[in-house]
Amino acid sequence: MKCLQKLAVLWLMLVSSFAFAQSEQLVAEIISSDSPPVGVVFEVMEWEEGTFTGILNQISHFSDTLKAKHPNIEVAVVSHGSEQFALLKENQGSQSGVHDLTQSLVSNGISVEVCATHASWYGKDASDFADHVEVVERAPMAIRAYQEKGYVLIRM
């Protein structure tokens, strides 16, 4: 059983490293482009507790880098994994770092959105989330709408 657990952890680390490398490559391609997309939508669907802060820090860094080269590029974050529950009002104290990071993103013109459908599976609704967070009915549909507007999807 321990061998399976070790393999599962190793697999998750490899997948996470691959996703990060892909994200970094897409950001680099947009930065080097003379004609950037309208915007970038970062999709977050993380199931491992405690990783949301690191992902948000990376999104903040990517956003700063993108806007330095292309000041008019729009940026959005759509979260629809278990990490979105860190943004509940009831978690403002225990997850203050996540709340501070997302408030900073919003202050910098970045939309931070969570999935109402996923929240409803756990008995939560829009009123349960922090005021700075936008609650969208279905995250996959929100991501698709961004792509239809010309945003590039970057999975974190």
Side-chain angles (χ1 to χ4, degrees), residues 4-5 8-27 29-30 36-64 66-67 72-156:
L4 285 175
Q5 288 174 332
V9 168
L10 179 61
W11 174 252
L12 285 173
M13 289 172 58
L14 287 171
V15 168
S16 295
S17 296
F18 179 72
F20 176 75
Q22 275 191 313
S23 302
E24 207 166 34
Q25 181 181 354
L26 280 170
V27 169
E29 288 173 10
I30 294 167
V38 171
V40 172
V41 57
F42 291 100
E43 178 184 26
V44 182
M45 193 167 66
E46 187 58 52
W47 302 101
E48 190 174 335
E49 191 171 326
T51 57
F52 199 24
T53 300
I55 291 169
L56 290 170
N57 278 319
Q58 193 61 52
I59 289 171
S60 179
H61 170 72
F62 284 159
S63 174
D64 291 346
L66 286 163
K67 287 181 179 257
N72 296 323
I73 196 166
E74 298 288 325
V75 179
V77 178
V78 178
S79 165
H80 59 119
S82 62
E83 76 287 336
Q84 76 176 31
F85 297 107
L87 293 169
L88 292 169
K89 289 176 184 173
E90 68 190 49
N91 291 330
Q92 285 179 320
S94 64
Q95 297 289 329
S96 62
V98 170
H99 282 262
D100 291 345
L101 283 167
T102 53
Q103 284 176 329
S104 175
L105 291 171
V106 170
S107 294
N108 288 321
I110 298 170
S111 177
V112 176
E113 303 169 17
V114 297
C115 183
T117 299
H118 187 190
S120 72
W121 299 339
Y122 296 89
K124 304 296 181 185
D125 64 30
S127 68
D128 294 311
F129 286 91
D131 294 336
H132 66 277
V133 175
E134 184 177 343
V135 181
V136 296
E137 191 59 36
R138 291 180 184 90
M141 299 292 281
I143 291 167
R144 191 169 307 120
Y146 277 116
Q147 289 177 295
E148 288 171 0
K149 292 178 189 174
Y151 284 59
V152 170
L153 171 62
I154 299 180
R155 291 188 170 102
M156 298 299 290

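Computed from a prediction, not measured in an experiment: that's the story for all the values here.
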Side chains of M45 and R155, heavy atoms from C-beta outward: is any pair under 4.5 Å? no
Return each pair, listed once, that meets side-chain hydrogen bond (donor to acceptor under 3.5 Å, both in side chains) where at least one residue sits in residues 120-131; pairs must be two or more places apart or across chains. E90-K124, D125-S127
Any residue meeting salt bridge (charged side-chain N to carboxylate O under 4.0 Å, His left out) with E74, in chain and number order, not counting sequence neighbours: none
For the side chain of Q84 and the backbone of C115, is there at least one donor-acceptor N/O pair under 3.5 Å apart? yes
Check: residues 132-147 side-chain donor-acceptor pairs under 3.5 Å, at least two apart:
unit_1: H132; atom_1: NE2; unit_2: T102; atom_2: OG1; d: 2.7
unit_1: Y146; atom_1: OH; unit_2: E113; atom_2: OE2; d: 2.3

Quick one: does any side-chain atom of S107 pair with a main-chain N or O of Q103 as donor and acceptor, under 3.5 Å? yes
Report yes if some heavy atom in the side chain of S63 is under 4.5 Å from a heavy atom in the side chain of N108; otherwise report no. no
Under a 3.5 Å distance rule, please check whether S82 uses its side chain to pair with a backbone N or O of E46 as donor and acceptor. yes
Is there side-chain contact between I55 and E83, with at least one heavy-atom pair below 4.5 Å? no
Quick one: list whatever passes side chain to side chain contact (heavy atoms under 4.5 Å, CB included) with L66, sequence neighbours left out. V27, I30, I31, V40, F42, I73
Partner residues of N72 under the side chain to side chain contact (heavy atoms under 4.5 Å, CB included) criterion, sequence neighbours left out: none
By side chain to side chain contact (heavy atoms under 4.5 Å, CB included), K149 pairs with (sequence neighbours left out) Y151
Separation between CG (D100) and CD (Q92), nearest 0.5 Å, reads 9.5 Å
I want to check something: taking the side chain as every heavy atom from C-beta on, are V112 and L56 in contact at a cut-off of under 4.5 Å? no
Can you tell me if H99 uses its side chain to pair, donor with acceptor, with the backbone of A86 under 3.5 Å? yes
What are the two closest heavy atoms between G150 and P37, and how far apart are they? O-CB, 3.4 Å
Quick check against the 3.5 Å criterion: does N57 have a side-chain atom that pairs as donor or acceptor with the backbone of T53? yes
So do the side chains of F62 and V75 get within less than 4.5 Å of each other, counting heavy atoms only? no
Calculate, to the nearest 0.5 Å, the distance between atoms CD1 and CD belonging to I154 and Q58 respectively. 10.5 Å
